[in-house]
Chemist: 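Sharing a structure here in structure tokens format.
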Amino acid sequence: MPAITLVGAQWGDEGKGKATDLVGDRVDYVVRYQGGNNAGHTVVIGDQKYALHLLPSGILSPGVVPVIANGVVIDPAVLFEELDGLIARGVDVSRLLISANAHLIMPYHRALDKVSERFLGKGRIGTTGRGIGPTYADKTSRAGVRVQDMFDAKILRKKLELALNDKNQILTKVYNRRGLDVERILDEYLGYAEKIRPYVADTALVLNRALDEGKTVFLEGSQGTLLDIDHGTYPFVTSSSPTAGGACAGSGIGPTRITKVIGILKSYTTRVGSGPFPTELEDEWGEWLRTHGHEYGVTTGRNRRCGWFDAPIARYAARINGITDFFLTKLDVLSGLERIPVCVAYDIDGVRHDELPMTQTEFHHAKPVYEYLDGWDEDITGARSFEELPKNAQAYVRALEEMSGAPISAIGVGPGRDQTLELRPLV
């Protein structure tokens, strides 16, 4: 049976939680394969809204096994706060599995993330300050602390002593901040050990055996393609690989087992943090999209930067990820517009570019080339089939599909679980 990967096709915040929740009762495992609590999914079930930051969205689907795989970085305090919040609301979290190889966000990661971002001033990247980047940096430099290390006090102490020999020098001498205490951190993280132990497993083995047994595994990334450490708008990116390729390394599932890649596209474009954004609207239309689309970060609460749909970005995402199906979200937000601009290319110093330019400098100077599509006035939140959409809304979807390089197989017309039009089966 297949492994199916879900990726953000823009800068994140496209509505991946809604897509995961839609297919939740048709899959057996939902796997978070990268990122940390620097992103979030909002899932609406009936009149209940759930904001998930670290946990896979599948934790809300009865019978599904939610997995935090090896590619994720985990802040234990955030993990248990989120679990306790769901338990208090009657959600069964006992099926959760956590990779023993996942790396831990430590207090010094959070401290360094915050002070270094402030130190950058106008050159700041726009990090959430939650320690994600420093944790991945330690992972890459082979100085990280993993979940399994909490089960061996001697190893944990040794790793902390080595880490703080370096980190405290930076905190005190470079940033004039107070150093951190080994004993305090050791006690805190050993305290998490028994609480997390029931969830910990060899998740790569579990997932591969599940595929061997004919189960369906759904792999969900956080953030989006343009925030990928290799393929995003570097350096204004995240510290991991939210693209489809990252799903393999981040879960331990081989690439030949992935049979479908679903890309989530918002019907316009948003971005959080710094970096280039060709279609960004810094006027009343940007505020109109932000207000009508409720564009505020699930994790941070920050205002999202808003702009019109960018077709070159969609084509880029289709190419980088090998997208087989697009899920177009928030189409209902555009209701009431007489004409809807769509970016079809860029003008860079008088030269037209139909694809993303090769260099960061060019992308910073890219100006959108717009085509204008007819809008619609009707409220589409009650539509339950593509045919029930206004003709102009149907035409907008078909135009975006033609520009984007892959079929649009589902459309979101509202936040609710039942407000999705599935044109083709996603699973």
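In this text, all values refer to a predicted model and were calculated from it rather than measured experimentally.
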Chemist: Determine, for Lys18 against Glu220, whether the closest basic-nitrogen to carboxylate-oxygen distance falls under 4.0 angstrom.
Modeler: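 Result for this pair is no, no salt bridge flagged.
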Chemist: Quick check against the 3.5 Å criterion: does Tyr396 have a side-chain atom that pairs as donor or acceptor with the backbone of Ser267?
Modeler: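 Judged by distance alone, yes, a pair lies under 3.5 Å.
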Chemist: Should Asp138 and Lys167 count as an ion pair when the cut-off is N to O under 4.0 Å?
Modeler: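 Between Lys167 and Asp138 there is a salt bridge, with a charged N closer than 4.0 Å to a carboxylate O.
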Chemist: Any Lys/Arg nitrogen of Lys158 or Asp152 sitting under 4.0 Å from an Asp/Glu carboxylate oxygen of the other?
Modeler: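 Not counted as a salt bridge, because no side-chain N and carboxylate O are separated by less than 4.0 Å.
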Chemist: Check this for me, if you would: do Arg157 and Glu183 make a salt bridge, where the nitrogen-to-carboxylate-oxygen distance has to be below 4.0 angstrom?
Modeler: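 Answer for the salt bridge query: yes.
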Chemist: Which label fits Tyr199 and Phe80: parallel for a plane angle under 30°, tilted from 30 to 60°, or perpendicular past 60°?
Modeler: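 The arrangement is tilted - the two ring planes meet at 30° to 60°.
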Chemist: So does Asp13 pair up with Lys266, basic N to acidic O under 4.0 Å?
Modeler: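 Salt bridge: no.
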Chemist: Would you say Arg32's side chain and Gly36's backbone share a donor-acceptor pair under 3.5 angstrom?
Modeler: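 Present.
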Chemist: Are the side chains of Cys343 and Pro278 in touch, meaning some heavy atoms are under 4.5 Å apart?
Modeler: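 In short, these two side chains do not touch, never coming nearer than 4.5 Å.
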Chemist: Distance from Ile262 atom CD1 to Ser409 atom OG, nearest 0.5 Å?
Modeler: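 The distance works out to 8.0 Å.
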Chemist: Decide yes or no for Phe309 and Leu400: does some side-chain heavy atom of the first lie under 4.5 Å from some side-chain heavy atom of the second?
Modeler: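 They are in contact (side-chain heavy atoms under 4.5 Å apart), so the answer is yes.
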Chemist: What residues form a ring-ring contact (aromatic ring centres under 6.0 Å, His included) with His292, not counting sequence neighbours?
Modeler: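 Only Trp288 meet the ring-ring contact (aromatic ring centres under 6.0 Å, His included) criterion with His292.
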Chemist: Please check if any side-chain donor atom of Thr225 sits under 3.5 Å from a side-chain acceptor atom of Asn321, or the reverse.
Modeler: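 A pair is found: one side chain offers a donor N or O, the other an acceptor, under 3.5 Å apart.
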Chemist: Taking only Lys NZ, Arg NE, NH1 and NH2, and the carboxylate oxygens of Asp or Glu, determine whether Arg257 and Asp212 approach each other closer than 4.0 Å.
Modeler: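 Asp212 and Arg257: salt-bridged.
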Chemist: Quick one: are Leu334 and Trp376 in side-chain contact, heavy atoms under 4.5 Å?
Modeler: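 SC-SC contact between Leu334 and Trp376 confirmed.
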Chemist: What is the distance from atom CG of Asp75 to atom CD1 of Ile132, rounded to the nearest 0.5 Å?
Modeler: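 Taking CG in Asp75 and CD1 in Ile132, the distance rounds to 7.5 Å.
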Chemist: Check whether any side-chain heavy atom of Asp228 lies under 4.5 Å from a side-chain heavy atom of Thr238, and answer yes or no.
Modeler: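 They are not in side-chain contact.
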Chemist: So Phe218 and Val31, do their side chains get closer than 4.5 Å, heavy atoms only?
Modeler: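 No, too far: nothing below the 4.5 Å cut-off.
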Chemist: We want to know whether Ser222 and Lys16 form a side-chain donor-acceptor pair, criterion being a heavy-atom distance below 3.5 angstrom.
Modeler: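 Absent: no donor and acceptor within the cut-off.
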Chemist: Just by distance, do the side chain of Thr172 and the backbone of Arg178 share a donor-acceptor pair under 3.5 Å?
Modeler: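 Flag not set: sc Thr172 to bb Arg178 has no pair under 3.5 Å.
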Chemist: Got a donor-acceptor contact below 3.5 angstrom from the Asn70 side chain to the Ala249 backbone?
Modeler: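 It does hold such a pair.
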Chemist: Which salt bridge (charged side-chain N to carboxylate O under 4.0 Å, His left out) pairs, counting each pair once, include a residue from residues 276-286, with sequence neighbours left out?
Modeler: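 Every pair satisfying salt bridge (charged side-chain N to carboxylate O under 4.0 Å, His left out) with a residue in residues 276-286: Glu280-Arg305.
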Chemist: If we only count heavy atoms from C-beta on, is the Thr203 to Asn101 side-chain gap below 4.5 Å?
Modeler: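 Heavy-atom side-chain distance check fails, nothing below 4.5 Å.
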Chemist: Can you tell me if Asn392 uses its side chain to pair, donor with acceptor, with the backbone of Gly375 under 3.5 Å?
Modeler: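 Flag set: sc Asn392 to bb Gly375 pair under 3.5 Å.
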Chemist: Taking the six-membered ring of Tyr50 (Phe, Tyr or Trp), confirm whether the NZ or CZ of Arg89 is under 6.0 Å from its centre and within 45° of its axis.
Modeler: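 Flagged: Arg89 positioned over aromatic ring of Tyr50.
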Chemist: Taking the side chain from Tyr316 and the backbone from His231, do they hold a donor-acceptor pair closer than 3.5 Å?
Modeler: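 Flag set: sc Tyr316 to bb His231 pair under 3.5 Å.
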Chemist: Let me confirm one number: the CG-CZ distance from Asp113 to Arg130, rounded to the nearest 0.5 Å.
Modeler: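 Taking CG in Asp113 and CZ in Arg130, the distance rounds to 10.0 Å.
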Chemist: Between His103 and Thr135, do the side chains contain an N or O donor and an N or O acceptor separated by less than 3.5 Å?
Modeler: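 Absent: no donor and acceptor within the cut-off.
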Chemist: Please report the interatomic distance CD1(Ile313) to CZ(Arg271), rounded to the nearest 0.5 Å.
Modeler: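 Separation between the atoms: 8.5 Å.
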Chemist: So, Lys159 and Glu161, do they make that salt bridge, N to O below 4.0 Å?
Modeler: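 Not counted as a salt bridge, because no side-chain N and carboxylate O are separated by less than 4.0 Å.
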Chemist: Between CG of Leu211 and OG1 of Thr216, what distance do you get to the nearest 0.5 Å?
Modeler: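 Between atom CG of Leu211 and atom OG1 of Thr216 there are 8.0 Å.
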Chemist: For the backbone of Ala406 and the side chain of Ser404, can you confirm whether one donor and one acceptor N or O come within less than 3.5 Å of each other?
Modeler: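 Side chain of Ser404 to backbone of Ala406: no pair is present.
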Chemist: For residues Ile68 and Ile74, determine if any side-chain heavy atom of one lies less than 4.5 Å from a side-chain heavy atom of the other.
Modeler: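 Yes; the side chains approach each other to less than 4.5 Å.
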Chemist: Which pair of non-hydrogen atoms, one from Gly221 and one from Tyr33, has the smallest distance, and what is that distance?
Modeler: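 That closest heavy-atom pairing would be N-CE2, 3.2 Å.
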Chemist: Cation over ring, Arg398 on Phe386, under 6.0 Å and within 45°?
Modeler: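 Pair Arg398/Phe386 counts as cation-pi.
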Chemist: Please examine the side chains of Gln169 and Asn165, heavy atoms only from C-beta on, and report whether any two atoms are closer than 4.5 Å.
Modeler: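 Side chain of Asn165 against side chain of Gln169, heavy atoms only: no contact under 4.5 Å found.
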Chemist: Is it true that Glu378 and Ser335 share a donor-acceptor pair across their side chains at a distance under 3.5 Å?
Modeler: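 Side chains of Ser335 and Glu378: no pair found under 3.5 Å.
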Chemist: For the atom pair CG (Asp377) and CG (Leu337), what is the distance rounded to the nearest 0.5 Å?
Modeler: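 Separation between the atoms: 9.0 Å.
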Chemist: Given 3.5 Å as the limit, does a donor-acceptor pair link the side chain of Glu82 with the main chain of His53, or not?
Modeler: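 Flag set: sc Glu82 to bb His53 pair under 3.5 Å.
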Chemist: Please walk me through it: do Glu14 and Lys330 pass salt bridge (charged side-chain N to carboxylate O under 4.0 Å, His left out)?
Modeler: CA-CA 9 Å; Glu14 301 95 348; Lys330 291 199 167 184; over 6 Å; no
Chemist: Give a yes or no answer on whether the side chain of Thr269 reaches the backbone of Trp308 with a donor-acceptor pair at less than 3.5 Å.
Modeler: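 A pair under 3.5 Å: yes.
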Chemist: Taking NZ, NE, NH1 and NH2 as the nitrogens, is one of them in Arg184 or Asp187 under 4.0 Å from a carboxylate oxygen of the other?
Modeler: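 Asp187 and Arg184: not salt-bridged.
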Chemist: For the pair Asp149 (side chain) and Arg146 (backbone), establish whether a donor and an acceptor sit closer than 3.5 Å, ignoring hydrogens and angles.
Modeler: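 Yes, the answer is positive, given that a donor and an acceptor are paired below the 3.5 Å cut-off.
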Chemist: Walk me through whether Glu295 and Arg290 qualify under salt bridge (charged side-chain N to carboxylate O under 4.0 Å, His left out).
Modeler: CA-CA 5 Å; Glu295 296 296 348; Arg290 185 176 301 111; over 6 Å; no
Chemist: Run Glu422 and Arg384 through salt bridge (charged side-chain N to carboxylate O under 4.0 Å, His left out) and show every step you take.
Modeler: CA-CA 9 Å; Glu422 198 167 355; Arg384 293 299 176 265; over 6 Å; no
Chemist: Ring of Phe151, cation from Arg197 - is the NZ or CZ under 6.0 Å from the centre and inside 45° of the axis?
Modeler: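 Here Arg197 passes the 6.0 Å and 45° test against Phe151.
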